[in-house]
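Reviewing the structure listed below.
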Amino acid sequence: MTLESRFAPNEIEPRLYAGWENAGGFACDPGSNAQPFTIMIPPPNVTGSLHMGHALTFTVQDTLVRWRRMQGRDALWQPGTDHAGIATQMVVERLLAAEGMDRRSMGREAFVDRVWQWKAESGGTITTQLRRLGASLDWPRERFTMDDGLSAAVKETFVKLYGEGLIYRDRRLVNWDPKLQTAISDLEVENREIKGSLWYIRYPIEGKPGRFITVATTRPETMLGDTAVAVSPAHPVYGALIGKRAVLPLVGRSIPIVGDDYADPEKGTGAVKITPAHDFNDFEVGRRHDLPMPSVLDRQAMVTLEEIEDDLKAIPGVADPAFVRGLAGQARFAARAAIVAELERLELLEKIEPHTNQVPHGDRGGVPVEPLLTTQWYCNAGVLAKPAIEAVETGKMVFVPKQWENTFFAWMRDIQPWCISRQLWWGHRIPAWYGPDGTVFVAKDADAAAAQAHAHYGRDEVLTQDEDVLDTWFSSGLWPFSTLGWPEKTPELGRYYPGDVLVTGFDIIFFWVARMMMLGLHMMGDVPFRTIYIHGLVRDEKGQKMSKSKGNVIDPLELIDTYGADALRFTICALTGPGRDVKLGASRVENYRGFVTKLWNAARFCEMNGMRPEAGFDPASVRLPLSRWLLDSANTAISEATAALEAYRFDEYAAAGYRFVWNTFCDWFLELSKPLLADGADPADTAEIRQVGAHVLGLILRLLHPAIPYVTEELWDHFGYGEAFSLIGAAWPEPVPVPDASQARVELDWVVRLIGLVRSVRNEMNVPPSKPSPVLLQGASAEMLGRVDRWMDAIRRLARASDVLPLGGDMPKESAQAVLEEVTIVLPLEGLIDIAAERARLAKERDKLVVDAKKTSQKLGNADFVSRAPEEVVMENRERLAAAESEIARLQAALDRLG
RNA sequence: GGGCGCGUAGCUCAGCGGGAGAGCACCUCCCUGACACGGAGGGGGUCACAGGUUCAAUCCCUGUCGCGCCCACCA
């Protein structure tokens, strides 16, 4: 059966993928003695479906894995998904809402069951989609961050870090997301620029009727919780007020005026209201001055008076308990409006200025976060960060591209305590139990906690487990070793940890990469991976970020349906340069599909011309210059491709393959081989070309398999280079010495240039392709005439030459000319050319060279250049000048002949 | 406010001390026995701007302008 004339990716992809998978092509082999190669997949959210960012990162990863596997490494690409606490809980809550239910009414246990049920039904989407892309993940090893094994790893880690004091409870301000009703970490907060106002509020000074201290604020609603006004001791006016007291308007509370350098005399009015329970800076000021810290906003960001009820005092013209009580239960922004109106009524509002500032929002919920005083679990990231920083400093871990190390260091050196508790239901429940008096017992399970409690109290007590779950990134941080069976001492753990490369986008360096480094170094005593390859983002053709709201999202699965997975993958490789975002549209994929098609058609040509792999073929035995030239070119391509992959230059890898297949193999080798494959050719030559062609096609298939696995495997199997589905495990090609390669290269280069020049002249002179012309060579050496003889058929065919002969006697009257080294090429084209045009063309060529020669000779006339530039550069310029001058002379002679 | 990156052919980008490259697009010609998702040829760039270093600068240094991203508690 011969190859179909069209490559139909949709038909072959599922069959090949299943073939690889069933044959164990993706499986690692812990028992082998090959050097391992490990990539841990960044576990996609279990709620996710494949988007362009996935397509990029997983194509890159699969390319690396397939390449290393072919190099003989025992490759493990560890698959799995992340339980994605907040995202997943939101998805299921939305489903419940559609059914008229909510999680609180169904209760925690039933809700969690429901999430598991959802996961069982819908959680496999992304893994199916990864298969479409061709990702060679070791599926039987698939893990989920809430698996029993991974949950055990989470508990083990939590208990250990708690024991070491690296995990602790603390009551301080957290970023509270009022929509999601949970604490979130600093990283989950994104600042958005909001056009708001700056309100200037007068606080009456106690004992000085009619005098005020004016504070400026962007958040008037928090003033109910003010417990001081801070001013700089250096402030020319307010400095003198330190130690005095002010009256908090509306509430009537007497608050101190404290001196603190936090207050900048240059900013605002120079005096700052201090609300310790609702502002991170104010919290610090409050600690320094031992201020009360009443909360006036609750978990829904609504006004609560619980903690200030006793402070309310009626002061005519300043404070009114009835007004304040009326605020209870109001949402924060409604309360703001009411408070501003009341202040205005009381003439305590000095002015309002327009003001733009950065307002922290929750990245999931999308509403402004509220700093809230709560007790949460924290991880002392400052301690854990040090070994990670050191490992990057000493090169034990390397970022590619290297500039990301700066970003990494900047963040890690100033890392803040990591809030790891979340007020959610879906996630790893914190392994902490509380006794009746609130004593905490941290243990791997309830029994162990009970035992601790018994020892503590001297009797059994009823314990209640902490209601909170852990930040999703806590379990992802253990991914590089929890997936290998840790805390069990599995063979895989010793073999595949540390991993080789971590591939990801810069957006999760802090979220995930840094956490894996910290937890890996601490728990395993070694780095989790050696190289961190950071790629860019996928954007649309115009360079805009893809987003649902912009409507510019491209679905990778649609691209795969339309153009095939190979086309998408090759496009991604070709566009993935270092440190650059990938601008991708359907048209780019369509273009690169052309390359896949080209390869397919080249293979069809090979097949039609009897190119079949031969087991006994020895590349060193070839005799034809064309064969040697092709093998030598293949060596170059192999070296380039290998070097590119080693350097994570996917663009250069793709380019090397593209050039070799299209410009070398198809454009020249296949074209030049045609006469040798035709009827009447020397059978020995035909046999050799068939062998070489088949051999090099095999090299091409192996070289390109990591990027375009499907089409290459299909061709590999079809031609019988190996058994079905065996290309995935075939050996990565290596350059082999080619006898007399440089001689073959000189000859082929000359022939290629000769054909090129003749084509160029004919085209520029508008000679119709249907009219072949003789090609006459003036000044050709015997060696060149020998070449012409050897390549006569090819030159005839590719240069549309009726014949190629040495120029004997006079120049034909009307002819076009071109110069190839010492040879002048003459095309007698009587009646077909415009002499004036030909003269102009030659003159233009000559003038270009004259300019070049002039520059070069000027340079050589510069004594400084000759004395200071390296010898070889001077030599190069001398040769350049000589070549230019000689060509000018020949072109001039050609012009003179035209008269 | 701090940091990072980027401004090279119409577009997307590579090159990063010794006479500017690729792919696509464009123009001309060609359905030549693998491929029109093709073949052949061609046009097109003071390498953002200004200084400096150097025999030599698109490439190194400084500054300016423009674009993008990250971080930051400035009321």
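We name chains A, B, ... by the order of the sequence lines, and we start the count at 1 in each one.
In the set B:C74, B:G33, B:G23, B:C74 carries the atom at the smallest distance from any side-chain atom of A:D264. Listed candidates were B:G23, B:C69, B:G19. Nearest to the side chain of A:T856 is B:G19. If you check B:C24, B:U28, B:A34 against the side chain of A:Y658, the one that comes closest is B:C24. Distance from the side chain of A:N877 is smallest for B:G18 among the nucleotides B:A34, B:G18, B:C69. For A:R580, counting side-chain heavy atoms from C-beta on, the closest listed nucleotide (B:C6, B:A72, B:G18) is B:C6. Comparing B:U28, B:C13, B:A34 against the side chain of A:L670 picks out B:A34 as the nearest. Closest to the side chain of A:K855, from the set B:G23, B:C69, B:G19, is B:G19.
Separation of the A:W662 and A:Y658 ring centroids falls under the 6.0 Å cut-off.
Within the nucleic acid shown, A:K859 comes within 4.0 Å of at least one base atom, counting heavy atoms only. In this structure, A:R649 reaches the sugar-phosphate backbone alone: every heavy-atom distance under 4.0 Å involves primed, P, OP1 or OP2 atoms, never a base.
A:K598 places a side-chain heavy atom less than 4.5 Å from the side chain of A:C666.
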Mark up nucleotides 36-41 of chain B, 5' to 3', with B wherever a protein heavy atom is under 4.0 angstrom from a base atom, S wherever such an atom reaches only the sugar-phosphate, and - elsewhere. SBSSBS
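With sequence neighbours excluded, no residue forms a side chain to side chain donor-acceptor pair (under 3.5 Å) with A:D566.
Judged as a side chain to side chain donor-acceptor pair (under 3.5 Å), the pairs with a partner in residues 277-289 of chain A (not counting sequence neighbours) are, in order, A:D260-A:R288, A:D260-A:H289.
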Let me check I have this right: for RNA chain B, each base becomes ., (, ), [, ] or |, based on Watson-Crick or G-U pairs with both distances under 3.5 Å. What is the full string? ((((((((.[[[[.)..(..]]]].(((((.......))))).....[[[[[..)....]]]]])))))))....
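Exactly one of A:R336, A:E353, A:H355, A:E350 qualifies for a side-chain contact (heavy atoms from CB on, under 4.5 Å) with A:W199. That residue is A:R336.
Listed by residue number, the members of residues 224-232 of chain A with any heavy atom below 4.0 angstrom from RNA chain B form an empty set.
Distance check on atom C1': B:C61 versus B:C67 gives 23 Å, rounded to whole Å.
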Donor-acceptor pairs under 3.5 angstrom involving side-chain atoms of residues 877-884 of chain A: please list them, not counting sequence neighbours.
from: A:N877; atom 1: ND2; to: A:V873; atom 2: O; distance (Å): 2.9
from: A:R880; atom 1: NE; to: A:D852; atom 2: OD2; distance (Å): 3.2
from: A:R880; atom 1: NH2; to: A:D852; atom 2: OD1; distance (Å): 3.1

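The aromatic rings of A:F665 and A:F660 sit tilted relative to each other, their planes meeting at an angle between 30° and 60°.
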